[in-house]
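Data block below; observations after.
Below, chains carry the letters A, B, ... as their sequence lines are ordered, and counting in each starts from 1. For the numbers below, each heavy atom of this structure counts, side chains included, while hydrogens, waters and symmetry mates do not.
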Amino acid sequence: MSTQSTIKVAPRRAAPIVLLLETSLAVWLYFFLILESWPILLALLILGAGALLYTQRNHAIQSAIAGSFAQCKTLSLVWATVLVLAYPFLLQGNTYILHLLIISQLYAVLALALNFQLGSANIPNFATGASYGIGAYTSALLAIHWGVSFWWCLLASAGVATIFGFLLGIPCMRTKNSYLALVTIAFGIVLQQLINNASWTGGPNGLVGIPAPTLFGHSFSDPILIFGQSLPSQVNFFLLAFALIVVSVVVANLLHNSRVGLAWNALRTDELAASAQGINVTWYKMLAFAVDAFMAAFAGTIYAFYVTYISPDNFTFLVSVTIMTMVIVGGMDNVLGVILGAFLLTILPEKFRVFSDYRLLIYASVVILMLIVRPQGLIPKQLRHYKG
Amino acid sequence: MAAELTQQLLNWLVLGCVYALLAIGFSLLFGVVNVIHFSHGDVSLMAPFIALAVIPMVEPLFAHSGAAIALTMAMIVAILVIGLLGILIEHIVIRPLRGAPAMMPLVATVALGILLRELIRRFYPEGSSPHAFSMPFTGSAFSIGEVMVSWFVVVELSITAALLAGLFFLLKKTAIGVRIRAVSQDREAARLMGVRSDRVFKATFFIASASGAIAGLFYAGNVGATRFDFGILAGLMGFSAAVVGGLGSIFGAVVGGLLIAGAETIAQSVIPDGAAYRQVVAFLLVIIFLLFKPEGLLGKVVVEKV
């Protein structure tokens, strides 16, 4: 294995490169969200795709970017946070776009969760939507019937979903590849149908009236006051979802750089060789299922409390496929790519509402095209960078 | 009581044939091309739509021989068209993904299923509403006790049986059948023996899609209507049948189809509100099978070699 060589970038140049790149990405996204006319949106998309392709084709630019980010890690993180936090101010009254961003962020978390399996360990899991649903329903039931607060729901639902994740992981002791995919498909559908048919889950009507979370006496359904500016209540959830993304990214990085991440990558490359190296294949696979369910449940809880109404339709097999598509289109085993995929695939269909009749049609065609033309995803996975 | 039992048995057979025919497609495609063709149900359930579209075209040609003949002809055209559609799908979607990880074609065909459904919904005249679909064979053929057996059931059972016999003959006795089996056993070795796997894949897709189309016609005929989204459920059920029977085995597909149909029929008649649990029962069966007998009832046990 060759390790990736990074070109040393002078610190004087590294910082401006990082700031410029992040700012232009934020500005691009801002205009993409704000503008309505579809030809301009299309032009923006082509511009973005062109920039992405150009940097990826040009090795010097690519390594300069990678080098700059590696040098100014703290700066890049701080600036990215500042940019994200600036969005609610920029978007002020536009609750629709805030809603889009919240949903995108939740999907980004789900895609990151699935990425542990699909990206890192190459385990096809078509049940992330089910874990998402388990999280949402556990929280909703706890909150409605027992008045459990949001924060305890978060923990409880994650616990329940993780147990289900382990349960779902059991079949991977006996099956793999396509067959394992089938188990997860079946699991997702059975669960969704059961929720749909049981009475205590509200059946097809779902659960209504999930109370808003509170923090230090501040209800999340109230407008939030930051720097003397009153922002719509969606901003509460925007910040919450952002916090969850930060946690997910940190966890993803920690895991990626730990023995666990290494073991998953070994599994992906060659399962038999990995087990010959003394890696407990079954355990690591089950762990991947559990981590996926754990993260997905967080997203589910926030979703339930945000929209205050959930029904089985929110957690169908198609949702799992959508999440999987986000991972594949974004770039497997690449945190940035996965987040990008989640945002694009959530926002795109909404922005091209003019074609709402043909939305699914376009969506499906894009997925098929992406798989054929660019199977490695928008941002392909990077080679592991070994230190020392 | 006896009458009801007979009726349920008939329902079971009718459903079992449809699932078996669908499962054969999944099984063949998995065994030979090594893909899980998730849109197989949607491809199959396009057949009734095509038949309905073709009827006005063929009707003048068979004006003197009656509507039933015209409908039969339309259905044959639909079956052929779906077979060709299968070849087209192989060429456009499956072939570029050959050699990619298994879930790539899986996700691609899930997307393809969405695409096909939406094509019907958006571009077929009044595609989003159900279309009445009836079989040319109506009326009852004979009766068992008090239960009338319609011509539709007789025709469906005999066509399925004939098709199975034909398929076995094709696979065991003809040149293309030998090639198909060769590729399914060992793609590399088959290529070294001069078998063009591309053609074999296309032939397999044709056979699988055409038999799926027959299943689709029966499915719609059974319900008496067709809708753009029938393919999802049909596909899931056929797929479950193929898994339970053992992916890659034709005979297994038939057994699996009958098993899934049996579970569904029992669930529907025994559990109150059982219709709602049809899928649950079928998929629990799938999970149990994958847990305790991952290779299915009649599938081969695959030992990984280094």
Side-chain angles (χ1 to χ4, degrees), chain A residues 118 122-126 168 170-171 173-194 196-197 203-204 268 270-273 276 317-318 320-322 324-325 327-329 332 357-373 375, chain B residues 30 34-36 38-39 92-97 99-119 121-123 232 236 239-240 242-243 247 273 276-296 299 302 304-306:
Chain A
L118 192 65
N122 200 11
I123 306 168
N125 180 0
F126 280 90
L168 182 61
I170 291 174
M173 290 191 271
R174 305 232 350 144
T175 53
K176 54 182 160 190
N177 299 336
S178 308
Y179 288 94
L180 185 57
L182 302 194
V183 178
T184 63
I185 292 171
F187 176 80
I189 291 172
V190 166
L191 201 88
Q192 199 244 341
Q193 292 287 319
L194 284 177
N196 206 1
N197 291 328
R268 179 181 67 198
D270 191 333
E271 207 176 308
L272 215 55
F317 172 59
L318 212 58
S320 301
V321 174
T322 311
M324 187 168 259
T325 316
V327 176
I328 293 177
V329 166
M332 285 198 245
D357 280 357
Y358 303 100
R359 216 165 62 173
L360 272 173
L361 201 71
I362 297 172
Y363 180 80
S365 321
V366 167
V367 169
I368 296 174
L369 260 180
M370 272 299 287
L371 285 173
I372 293 171
V373 178
Chain B
F30 184 82
N34 199 15
V35 292
I36 294 176
F38 219 86
S39 52
I92 296 176
V93 181
I94 305 296
R95 203 162 67 143
L97 292 174
M103 69 229 162
M104 293 289 206
L106 189 59
V107 173
T109 51
V110 170
L112 182 68
I114 301 174
L115 187 76
L116 293 176
R117 287 198 290 276
E118 287 299 308
L119 280 178
R121 179 147 86 149
R122 294 292 159 212
F123 295 108
I232 310 175
L236 284 174
F239 179 55
S240 314
V243 173
L247 278 169
D273 265 340
Y277 288 97
R278 279 163 51 170
Q279 274 166 294
V280 177
V281 171
F283 276 95
L284 280 180
L285 212 62
V286 170
I287 294 181
I288 291 167
F289 259 90
L290 283 171
L291 275 182
F292 296 105
K293 210 161 160 38
E295 70 279 1
V302 181
E304 195 176 356
K305 282 167 281 200
V306 184

Check your understanding: So does Phe123(B) have more than 12 non-hydrogen atoms from other groups sitting under 6.0 Å from CZ?
Key -> yes
**Study point:** Spacing of Ile287(B) atom CD1 and Ile170(A) atom CD1 [to the nearest 0.5 Å]
**Key:** 11.5 Å
Please output the side-chain donor-acceptor pairs of residues 181-188 of chain A that fall under 3.5 Å, not counting sequence neighbours, one pair per line with the distance.
| from | atom 1 | to | atom 2 | distance (Å) |
| --- | --- | --- | --- | --- |
| Thr184(A) | OG1 | Phe126(A) | N | 2.9 |
| Thr184(A) | OG1 | Ala181(A) | O | 2.6 |

Point to revise | Closest-packed option against chain B by number of heavy-atom pairs under 4.5 Å, given Val373(A), Val367(A), Ile372(A) | key: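 Maximum pair count with chain B is reached by Ile372(A).
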Review point. Highest number of heavy-atom pairs under 4.5 Å with chain B: which of Leu371(A), Val190(A), Leu361(A), Val321(A)?
Key: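 It is Leu361(A).
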Check your understanding: What part of Leu318(A) gets closer than 4.5 Å to chain B, counting heavy atoms only: side chain, backbone, both or neither?
Key ->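 Just the side chain, heavy atoms under 4.5 Å.
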**Study point:** Part of Leu360(A) lying under 4.5 Å from any heavy atom of chain B
**Key:** both
**Study point:** Region of Phe30(B) that comes under 4.5 Å of a non-hydrogen atom in chain A
**Key:**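 For Phe30(B), the side chain is the part near chain A, not the backbone.
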Just distance, no hydrogens or angles: give the donor-acceptor pairs under 3.5 Å from side chains in residues 108-117 of chain B, sequence neighbours left out.
| from | atom 1 | to | atom 2 | distance (Å) |
| --- | --- | --- | --- | --- |
| Thr109(B) | OG1 | Ile36(B) | O | 3.3 |
| Thr109(B) | OG1 | Phe38(B) | N | 3.1 |
| Thr109(B) | OG1 | Pro105(B) | O | 2.9 |
| Thr109(B) | OG1 | Leu106(B) | O | 2.9 |
| Arg117(B) | NH1 | Asp42(B) | OD1 | 3.0 |
| Arg117(B) | NH1 | Asp42(B) | OD2 | 3.1 |

